[in-house]
Each structure stands twice: as C-alpha cells, then as structure tokens.
Amino acid sequence: MPGGSEQDLVVPGHPVPRRSLDRDARLVAPELLGKVLVHGGRAARIVEVEAYAGGEDPASHAFRGRTARNAVMFGPPGHLYVYFTYGMHWCANVVCGPDGGASAVLLRAGAPLAGVDEMFGARPAARRERDLCSGPAKLCQALGIDGSANGDDLVMAGGVVLVDDGTPPPHHPGVSARIGISAGQEHPWRWFVPGDPNVSRPSARRP
DNA sequence: CGTTTGATGCTCT
DNA sequence: GAGCATCAAACGG
C-alpha cells in the first residue's frame with residue numbers, strides 16, 4: 001500500500017483538521033464524540049468530553065491566567081494539554097480556539113479500539129474492557145499518555161494523534177454538568193455517547 | 001450492590 | 001497550607 005503510514009494500520013482515517021478545532025471548546029466538544037485518540041499502537045474512540053471555557057470559566061485551569069502548567073492552553077489549537085493531578089494521575093485535553101483564548105476539551109472516556117492487550121498491561125487494576133478507558137486518568141494510563149505528551153500536535157504524526165475514521169458524533173448526545181469541579185457546576189458542558197458502557201460512572205458522592 | 005475513604009504530590013495562595 | 005477536571009480498595013447491607 002503506497003503512502004500508507006503506520007497509523008493507518010492502527011485505525012484507518014485522517015487527522016482531525018486543525019481548523020475544526022479553532023473554535024470555542026463548547027462548540028468543539030460534542031463534535032469530538034466518535035473521534036479516535038491514537039498513541040502508538042493503542043487507540044480509543046472518544047465517548048465522553050467536557051468543555052473548559054478559558055479565562056471566563058472558574059473551573060478552567062486558565063481562569064487565573066497563564067502559568068507554567070497551563071501554558072499550552074494559551075497556545076494555538078490542535079495541541080494536547082496534559083496535566084498532573086491528585087499526586088498520581090494524568091489527564092489530557094484538546095486545546096481549542098481562538099489562539100490565546102485558552103479554551104480546551106477534557107477527554108474523559110473512550111472505547112478501546114486497538115492495542116487492548118497493551119492497555120490491560122498498563123492498567124493492572126482493570127478487570128473488564130470497560131474498566132480500561134472509562135475516566136480521564138484511566139484513558140491516559142491505558143494509552144500511555146503522560147507529561148511527556150504535553151504540547152503534542154494532534155494533527156502531526158509522531159505523538160498523540162486525533163483521528164477521524166468517519167464515525168459521526170451522536171445526533172443527540174447526552175448532556176450534564178461537569179464532574180469533579182467545585183466552581184462552574186451550573187454549566188451543562190459535559191457531553192457523552194448515551195448508553196455507551198465506557199462512559200464514566202458517577203463515583204457516588206457529589207455534594 | 002452502593003457508598004466511603006485513603007493515597008499521594010504538584011500548583012498556586 | 002489548601003485544594004485538586006481521580007481512582008480503587010475497603011466497607012456495610
């Protein structure tokens with residue numbers, strides 16, 4: 001197959017165009033449902049996302065301005081913002097537009113598509129396939145994404161890549177408030193694929 | 001089954 | 001020093 005890249009062997013498709021990400025995260029987020037996150041030989045279809053609206057959103061890491069940690073959010077769209085939290089977990093976001101606006105989409109859950117054996121190896125606690133990517137930190141652990149992927153260009157091969165394999169987003173996605181935040185709970189900026197078993201479950205207590 | 005609690009360390013005040 | 005865009009083990013019914 002002439003011109004075939006290694007990524008084509010993992011999942012057929014093409015990188016998500018950067019221009020489609022150069023909009024506010026609240027518009028991009030539901031469009032990312034169904035897209036495929038690829039890292040090496042592992043891939044997962046995105047089934048749950050949350051939008052963080054930059055400087056105007058009290059829940060956003062960018063709310064209090066640019067710092068060393070959130071610098072990638074203030075850069076151009078189409079890059080990956082990876083942060084470390086709770087002393088042990090990595091979480092990944094797609095930086096959206098406009099450039100400098102610091103809006104981003106948190107990737108909260110995915111359906112395992114490729115490299116499932118590697119995912120189980122990376123996540124010893126997982127017993128079933130639905131335990132592999134059903135949370136933002138689980139997704140990163142399963143795909144082997146950590147701080148070294150911070151700033152990766154999702155449109156370019158070589159690191160973490162966002163791929164469109166032709167699967168459309170759901171016509172009527174599920175919508176709810178965002179999970180795990182203290183400020184900004186009034187905004188319904190979480191979207192998910194209804195009925196998908198990989199969508200994260202509310203971990204009981206939510207005051 | 002559903003709910004509670006401990007882990008663990010970086011980031012910003 | 002407080003808080004954190006979380007997870008999984010432990011606990012109780």
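Proteins get letters first, then strands, A, B, ... in listed order; numbering begins at 1 in each. All values reported here derive from a predicted model rather than from experimental measurement.
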Who passes salt bridge (charged side-chain N to carboxylate O under 4.0 Å, His left out) against A:D164, sequence neighbours left out? none
Please determine whether salt bridge (charged side-chain N to carboxylate O under 4.0 Å, His left out) holds for the pair A:D131 and A:R128, giving the CA-CA distance in whole Å, both sets of side-chain angles, and the decisive distance to 0.1 Å. CA-CA 5 Å; A:D131 299 324; A:R128 304 160 301 178; 3.1 Å; yes
How long is the line joining CE of A:M73 and P of B:dC12, in whole Å? 12 Å
Whole angstrom is fine here: how far is it from CZ in A:R201 over to P in B:dT3? 12 Å
Just by modelled atom types, is the A:E48 backbone N or O under 3.5 Å from a matching donor or acceptor in the A:R108 side chain? no
Going by the rule salt bridge (charged side-chain N to carboxylate O under 4.0 Å, His left out), which residues pair with A:D99 if we only count those two or more places apart in sequence or in a different chain? none
Applying side chain to side chain contact (heavy atoms under 4.5 Å, CB included), name anything that partners A:D153, two or more places apart in sequence or on another chain. A:R18, A:H79, A:V155, A:M156
By salt bridge (charged side-chain N to carboxylate O under 4.0 Å, His left out), which residues pair with A:D24, not counting sequence neighbours? A:R26
Return the value, rounded to whole Å, for the distance between atom CG of A:L132 and atom P of C:dC7. 13 Å
Near DNA chain C, which residues from residues 104-114 of chain A have a heavy atom under 4.0 Å away? A:L106, A:R108
For residues 53-64 of chain A, which residues have at least one heavy atom under 4.0 Å from DNA chain C? A:A59, A:H61
DNA chain B in dot-bracket, Watson-Crick or G-U pairs under 3.5 Å, [ ] crossing, | other strand? |||||||.||||.
Please confirm whether the backbone N or O of A:I179 pairs with a side-chain atom of A:E50, one donor and one acceptor, at under 3.5 Å? yes
Going by side chain to side chain contact (heavy atoms under 4.5 Å, CB included), A:L143 matches just one of A:L37, A:L107, A:L132. Which one? A:L37
Would you mind building the protein contact string for nucleotides 6-11 of chain B? One character per nucleotide, 5' to 3', B for base within reach (heavy atoms under 4.0 Å), S for sugar-phosphate only, - for untouched. -BBBSS
Let me confirm one number: the NE2-SG distance from A:H89 to A:C140, rounded to the nearest 0.5 Å. 11.0 Å
Determine yes or no for a side-chain-to-main-chain donor-acceptor pair under 3.5 angstrom, with A:R45 supplying the side chain and A:G34 the backbone. yes
Distances under 3.5 Å between protein N/O atoms and the N/O atoms of nucleotides 9-13 of chain C, please, pair by pair.
none

Taking the side chain from A:S103 and the backbone from A:G97, do they hold a donor-acceptor pair closer than 3.5 Å? yes
Can you check whether A:G147's main-chain N or O pairs, donor with acceptor, with A:N150's side chain at less than 3.5 Å? no
Tell me the interatomic distance from A:R128, atom CZ, to C:dC7, atom C1', rounded to whole angstroms. 14 Å
If you round to the nearest 0.5 Å, how far is NE2 of A:H61 from OG1 of A:T67? 9.5 Å
Rounded to whole Å, CG of A:N70 lies from P of C:dA5 at a distance of 12 Å
Can you list everything that forms a salt bridge (charged side-chain N to carboxylate O under 4.0 Å, His left out) with A:R127? Sequence neighbours excluded, please. none
Gap between atoms CD and P, on A:Q185 and C:dC4 respectively (whole Å): 10 Å
Contacts of type side chain to side chain contact (heavy atoms under 4.5 Å, CB included), residue A:V28, not counting sequence neighbours: A:L21, A:R23, A:L32, A:C96, A:V105
Between C:dC7 (C1') and A:W90 (CH2): distance, integer Å: 16 Å
Take the protein atom CG of A:D131 and the nucleotide atom P of C:dT6, then report the distance between them rounded to whole Å. 17 Å
Got a sec? Which of residues 116-124 of chain A come in under 4.0 Å of DNA chain C, heavy atoms? A:R123
N/O donor-acceptor pair under 3.5 Å between A:E118 side chain and A:R42 backbone: no
Identify, between A:Q141 and A:A183, the residue whose nearest nucleotide on DNA chain C lies closer to the 5' end. A:A183
Answer yes or no: is there a side-chain heavy-atom contact under 4.5 Å between A:L106 and A:Y52? yes
Counting only N and O atoms by type, is there a donor-acceptor contact under 3.5 Å from the side chain of A:D152 to the main-chain atoms of A:G159? no
A:E31 side chain to A:L27 main-chain N or O, any donor-acceptor pair under 3.5 Å? no
